[in-house]
Number of protein chains: 2
Amino acid sequence: MAKSEKEMGMLRDHLAKHQLKLTRQRELILDAFLKQEHITAEEMYHQLAKKDPHLGLATIYRTLNLFCEAGLAQARHFGTQTQYDNISHKGHHDHLICTGCGKIVEFENCEIEKLQEEVATRNGFTITTHRLELYGLCSRCRH
Amino acid sequence: MAKSEKEMGMLRDHLAKHQLKLTRQRELILDAFLKQEHITAEEMYHQLAKKDPHLGLATIYRTLNLFCEAGLAQARHFGTQTQYDNISHKGHHDHLICTGCGKIVEFENCEIEKLQEEVATRNGFTITTHRLELYGLCSRCRH
DNA sequence: ACCTTCTTGAGACGATTTATCAATTTCAAT
DNA sequence: ATTGAAATTGATAAATCGTCTCAAGAAGGT
């Protein structure tokens, strides 16, 4: 917990600004959240079941949504679930996905990211995160 | 319906390849879909209620998913709902999404697409489609 | 027209997330 | 340290969204 001073500070700030309280559960969930790049409420529920078997799923949802409002997390809907991304992690990995065999290749491309920034700026946006997925056939599946 | 020959052709192709049938409902839904840039199943359900009050919501979901498989549409999860984007009528467009107010700005960027092709080629992939979403705050929500 | 197969519509169902509410905890003011 | 108003929690009910089920109907090849 010692190394997450910055994030804990952001949370405290947000709580103070909104007359909210710092609870044992919120500290526990923040602690676990900061160790992840992204996580679902359900995953966190299972992870924390060991440390606090009585921690409710609703509390986790409420807290992760609170983190979003405090600027620590960002919700992203993927498939049927909601992923909560840790904003302090910046390792963007995009994906090449083969629709034939399901193979996934991760890549990073600074030039693309730069162009994304340009598009965003041109439209008055400030990007916090992005998602890029390329679908196609890998060399083996192309026949 | 006369102006959507290309899309109707793509649908016929897909149906033929998979032993599926062309039904009145599928024609009706395609017709309505091609007039939109993106739409949810629920929105389409209400739109088509006038033309066919007995058209079921499940049929709309099934048909929009079929369009995705036929390469006419692309599903995108935003908020709690699924948006079905029309990718064959107006060309592919990517999205800038404000996480504050939900505003969506569509854009197209040839340079980004060219770089995507390069990444794909470098990895032996042939891209058939892609999805690019930039999440952030619009000028108004940034305060 | 026949016959097989696919599709539809209606509602049941499943998964995910939010709302409800009594009991508990926080925290600032005593 | 104690008090007490206000926020939070946990358990569960409820809402939301999308898929599944299945009997009845439609499509399309022969």
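Just so it is clear: chains get the letters A, B, ... in the order the sequence lines come, proteins before strands, and each one is counted from 1.
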In whole angstroms, how far is the C1' atom of D/dT19 from the CD atom of B/E42?
14 Å
Quick one: side chains of residues 11-23 of chain A, donor-acceptor pairs under 3.5 Å with protein atoms, not counting sequence neighbours, listed by atom name and distance.
from, atom 1, to, atom 2, distance (Å)
A/H18, ND1, A/H14, O, 2.9
A/T23, OG1, A/R26, N, 3.1

Round to the nearest Å and state the distance from A/Y61 atom OH to D/dG10 atom P.
15 Å
Write down the distance between CD (A/E69) and P (D/dA7), rounded to a whole number of angstrom.
15 Å
Could you state the CD-C1' distance from A/Q81 to C/dA15, rounded to the nearest angstrom?
8 Å
Tell me the interatomic distance from A/L11, atom CG, to C/dT26, atom C1', rounded to whole angstroms.
14 Å
Decide side chain to side chain donor-acceptor pair (under 3.5 Å) for A/Q36 and A/E43; before the verdict, give the C-alpha distance in whole Å, the side-chain angles of both, and the deciding distance to 0.1 Å.
CA-CA 11 Å; A/Q36 319 284 332; A/E43 283 166 1; over 6 Å; no
Who pairs with A/Q25 by side-chain hydrogen bond (donor to acceptor under 3.5 Å, both in side chains), at least two apart in sequence or on another chain?
none
To the nearest Å, how far apart are B/Q83 CD and D/dC17 C1'?
13 Å
Protein heavy-atom contacts under 4.0 Å, written 5' to 3' over nucleotides 1-14 of chain C as B (base), S (sugar-phosphate only) or - (none), form the string ----BSSBBBB---
Got a salt bridge between A/R131 and A/D94, using NZ or NE/NH1/NH2 to carboxylate O under 4.0 Å?
no
Over all strands shown, is B/T82 touching base, sugar-phosphate only, or nothing at heavy-atom distances under 4.0 angstrom?
sugar-phosphate
Using whole Å, what does the distance between atom C1' of nucleotide C/dT17 and atom NE2 of A/H77 come to?
10 Å
For A/I29 and D/dT9, what is the distance between atoms CD1 and C1' respectively, to the nearest whole Å?
10 Å
C/dA15 OP1/OP2 closer than 4.0 Å to side-chain N/O of A/T80
no
If we ignore angles and hydrogens, is there a donor and acceptor under 3.5 Å between the side chains of A/Q83 and A/T40?
no
Would you tell me if any nitrogen or oxygen in the side chain of B/N65 comes within less than 4.0 Å of OP1 or OP2 on D/dT19?
yes
Test side chain to side chain donor-acceptor pair (under 3.5 Å) on B/Y84 and B/N65 and set out the steps.
CA-CA 9 Å; B/Y84 289 88; B/N65 287 334; 2.9 Å; yes
Is the gap between the ring centers of A/F67 and A/F33 under 6.0 Å?
yes
